[in-house]
Amino acid sequence: MVDGAMLLVDAAEGPLPQTRYVLRKALEAKLPLVVVINKIDRQDARPKDVLNEVYDLFIDLDATEEQLEFPVLYTDARKGICRTDPDGPDDTLRPLFEALVQRIPPPGGDSTAPLQLLIANLDYSDYLGRLGIGRIFQGEAKVGEQVAIARQGGALVTAKVTKLYTFDGLERVDTELAPCGEVVALAGIEGITIGDTVTSAVDPRPLPRLHIDEPTLSMVFSINNSVFAGKEGRWVTSRAIKDRLEKELLTNVSIRVDTTESTDSFSVLGRGELQLAILIETMRREGFELTVGNPEVITKLVDGKRVEPMELFVIDLPEAYMGVAMEKLALRKGKLTKMVNHGSGRVRLEFHVPTRGLLGIRSEMLTDTRGTAVMNRILEGHIAWQGEILRRQTGVLVADRSGETTAYALSNLEDRGEMFVGPGTAVYEGMIVGENARSEDMDINVTKQKKLTNMRASSADEGIRLTPHRVLNLEQALEFINPDEMVEVTPKSIRLRKRILPATQRAMKRAAARGSVGCGEARASPALERRIRLGRAAPGEQPFDAQVFVQVGPVDSGPFRDQQAVRPLGRRAVSESRIPRERNGERSAIGEVDHHGIAGHPDGDGRYGAISVGNAHPTSGGGPLPGPGRACAPSRARGPGTPGSTPGRPGSARTSLSRHPAPRERAVARAPHR
């Protein structure tokens, strides 16, 4: 598209990540460059130091000796001043224009040769469809001419040019003929995309294709299925969302749209949170109503190894907050590559950070630096998978019922954490209304009203004073959510919610994800064997202890997979039995069996997990055992009843998970009543 480039750098800030990105692209294309250092009138301007940083940037990007021989000009564009020396006299912008004419070569190409037009950009018209924008490197383009389109893979497709435009500033001008070297927009070619070559149909000569950077993040766009669905938006169906995303693909080649297992959801892939947030905000203003999931990084395999995108993250902040920033980024697998202190009280830090580590960093860093940090980021390449990266360390406050929030309820809940809603806000079950001060989620009632009584007091009717709640914009909401949460976007509101709205279903899913109980062999207890040997056993008395198997990991992996047997239960046996075992990041622990079931005990890393299983009898109400001396428990929390019984509920088995250990008791199985 271009024959040269002008690199514009701020005289105070110096090269930024976006400067590095565009310069790298220009050097890869071997374009001649003119460097302009602007805003030399700023009080904190340091043009000489900035020029040294520009040279360092060129060298860091492996520029050749010829590329390092660039002219440098110092300007104040607002006043129309240009200098060839930072301390020299002021002049007009004429030296800048002369440098461009001398440094940048004129367009080349042969007008009599076969047509070669490389598509470098796209546009869309409601009347003409997709428009391909590119430069004519050779030949001439005419309206009504039959041309060939060289697509990806080498396929040639013939088409006819129906409309041809040139550019006068930002305006498109209709024309019948475009000469060699002109930048044009042409219509009438179905499915044309960036990198295609429009060439002669008689003598096709395709040009090398342009490389388009791959997406790095993905989000799931789906319909809004909350209680408030359809109340604020105009376009709410999955078909409307799909049509809008397909229209976006006509002009935005940096995103991709893939299907998911659900017909109501679409996976949208882009180059960053900001790009996808702009798309969501545009759809919101057009009247769309949808929900979006948390951003997920796109990984790939290179030489059999898993790699993930890595970004250059530059943060400019006061010296007092330097330690906070370094600590935050160290937890996110960031590596400090450069630190510059200009002596003005601010420090610039450069990090190489996995893209996963930058999710949600903006809001946290602005909070920690009191809004004084200036951040920039740009994709730098790919790096080997860096392992687990912790994101948000706090839980959320979730509304447990529908209604309107009240000042009375919010005032009593302020100690729990920071609220996202104020009084008089409509909420529904599963909607996130605040950030918990602790790490776990908490269901709360924000619609509670003050009880009316006939009692009066002098201070009873004093006004309630609430702490101002935090209002999240779209970008902050996308950074805040975890994988089990979503953002509900409507033309009027931005709400946070859980993927699973009912609190009972969320609790069941958490319990099922921790582990499940399988089956084990039932044996006579030592106490019963001793009574039988001494002849003291009652007729029909058949109590026993049960060996219990515990499945480690999610229950979806199968009810009897990865089971581990416990040795003969008893106080000594269980205390010596160490169960720390991992699968898919989950841990399980087994406690002692008492007449109520299995009590929990620490699993070795400071947490407690209790698994309670009902006692099993050979003559239980649930039917015969599956085999001689065999006891079963359900493989899922709150699963159906299986052979076995619990006290007061014969013929069923109970599985529960708790974070608190139950008292340990001696393992004694109850005998069935005679």
Side-chain angles (χ1 to χ4, degrees), residues 17 20-21 24-25 152 210-222 245 248-249 252-262 265-280 291-314 328-337 350-364 375-393 475 477-487 499 513 553-554 556-557 582-586:
R20 183 186 186 92
Y21 178 79
R24 182 175 61 193
K25 295 296 183 181
Q152 188 171 7
L210 296 176
H211 174 70
I212 301 176
D213 293 338
E214 297 180 356
T216 58
L217 286 178
S218 67
M219 287 185 188
V220 176
F221 289 34
S222 58
L245 293 176
E248 183 70 20
L249 292 175
N252 192 347
V253 296
S254 61
I255 69 169
R256 295 205 307 261
V257 179
D258 294 339
T259 58
T260 61
E261 297 179 356
S262 173
S265 303
F266 308 94
S267 179
V268 182
L269 290 71
R271 293 182 184 170
E273 294 172 275
L274 181 60
Q275 183 190 29
L276 296 178
I278 291 174
L279 174 59
I280 298 170
T291 57
V292 293
N294 66 304
E296 296 182 357
V297 173
I298 301 174
T299 61
K300 58 183 180 179
L301 293 178
V302 177
D303 298 331
K305 297 182 179 179
R306 187 183 183 187
V307 297
E308 61 178 327
M310 181 262 295
E311 299 189 21
L312 174 65
F313 182 71
V314 180
K328 284 282 185 182
L329 291 166
L331 296 175
R332 295 170 177 262
K333 308 292 184 180
K335 296 181 180 179
L336 180 65
T337 59
E350 295 186 6
F351 295 87
H352 281 160
V353 191
T355 301
R356 288 183 301 130
L358 294 179
L359 298 177
I361 188 65
R362 181 177 179 83
S363 57
E364 288 188 18
M375 292 163 281
N376 294 278
R377 50 191 285 189
I378 199 71
L379 182 64
E380 191 75 3
H382 286 77
I383 192 174
W385 181 258
Q386 298 296 299
E388 183 181 359
I389 297 179
L390 297 177
R391 286 188 60 187
R392 196 183 72 209
Q393 303 296 315
E475 187 177 358
L478 293 175
E479 293 176 350
F480 181 82
I481 58 176
N482 276 337
D484 63 333
E485 299 162 359
M486 303 181 75
V487 180
R499 287 184 181 270
D556 295 337
S557 59
E582 293 193 18
R583 173 184 167 86
N584 298 334
E586 299 288 341

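All residue numbers in this chain count up from 1 along the given sequence.
When all heavy atoms of Arg499 and Pro483 are compared, the pair lying nearest together is NE-O, 2.6 Å. Between Gly357 and Arg332, the shortest heavy-atom distance links the atoms O-NH1, 2.7 Å. When all heavy atoms of Arg271 and Thr216 are compared, the pair lying nearest together is O-OG1, 3.1 Å.
Counting only distance, with no hydrogens or angles, the side chain of Thr337 and the backbone of Glu350 share a donor-acceptor pair below 3.5 Å.
Note that CZ of Phe221 and CG of Leu276 are 5.5 Å apart. Values are rounded to the nearest 0.5 Å. Atom CZ in Phe266 sits 7.5 Å away from atom OG1 in Thr260 (nearest 0.5 Å).
Shown here are the side-chain hydrogen bond (donor to acceptor under 3.5 Å, both in side chains) partners of Ser254, two or more places apart in sequence or in another chain: Asn252, Gln275. With sequence neighbours excluded, the residues that form a side-chain hydrogen bond (donor to acceptor under 3.5 Å, both in side chains) with Thr291 are Ser222. Listed by chain and number, the residues in a side-chain hydrogen bond (donor to acceptor under 3.5 Å, both in side chains) with Arg392 are Glu485 (sequence neighbours excluded). In this structure Glu479 satisfies the side-chain contact (heavy atoms from CB on, under 4.5 Å) test together with Glu273, Arg362, Ser363, Glu475, sequence neighbours excluded. In this structure Phe313 satisfies the ring-ring contact (aromatic ring centres under 6.0 Å, His included) test with no other residue, sequence neighbours excluded.
Considering only heavy atoms from C-beta on, Met219 comes within 4.5 Å of Ile280 through its side chain. Side-chain contact between Pro354 and Ile389: present, with at least one pair of heavy atoms (C-beta onward) separated by less than 4.5 Å. Inter-residue side-chain proximity for Leu249 and Ile255 is flagged as met; some heavy-atom pair is nearer than 4.5 Å. A 4.5 Å side-chain heavy-atom check between Leu217 and Val297 finds at least one atom pair inside the cut-off.
Open room surrounds CD on Glu388; 12 or fewer heavy atoms of other groups in view lie less than 6.0 Å from it. At most 12 non-hydrogen atoms from other residues, nucleotides or ligands lie less than 6.0 angstrom from NZ of Lys335.
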Give the C-alpha distance, both sets of side-chain angles, the deciding distance and a yes or no for side-chain contact (heavy atoms from CB on, under 4.5 Å) between Leu329 and Ile361.
CA-CA 9 Å; Leu329 291 166; Ile361 188 65; 4.2 Å; yes
Audit row: Leu245, Leu279, side-chain contact (heavy atoms from CB on, under 4.5 Å) steps and yes/no
CA-CA 9 Å; Leu245 293 176; Leu279 174 59; 4.2 Å; yes
Expected list for residues 301-312: side-chain donor-acceptor pairs under 3.5 angstrom, two or more places apart:
{"residue": "Glu308", "atom": "OE1", "partner": "Arg356", "partner atom": "NE", "Å": "2.6"}
{"residue": "Glu308", "atom": "OE1", "partner": "Arg356", "partner atom": "NH2", "Å": "3.4"}
{"residue": "Glu308", "atom": "OE2", "partner": "Arg356", "partner atom": "NH2", "Å": "3.1"}
{"residue": "Glu308", "atom": "OE2", "partner": "Gln386", "partner atom": "N", "Å": "3.0"}
{"residue": "Glu311", "atom": "OE1", "partner": "Arg377", "partner atom": "NE", "Å": "2.9"}
{"residue": "Glu311", "atom": "OE1", "partner": "Arg377", "partner atom": "NH2", "Å": "3.4"}
{"residue": "Glu311", "atom": "OE2", "partner": "Thr355", "partner atom": "OG1", "Å": "3.2"}
{"residue": "Glu311", "atom": "OE2", "partner": "Arg377", "partner atom": "NH2", "Å": "3.2"}

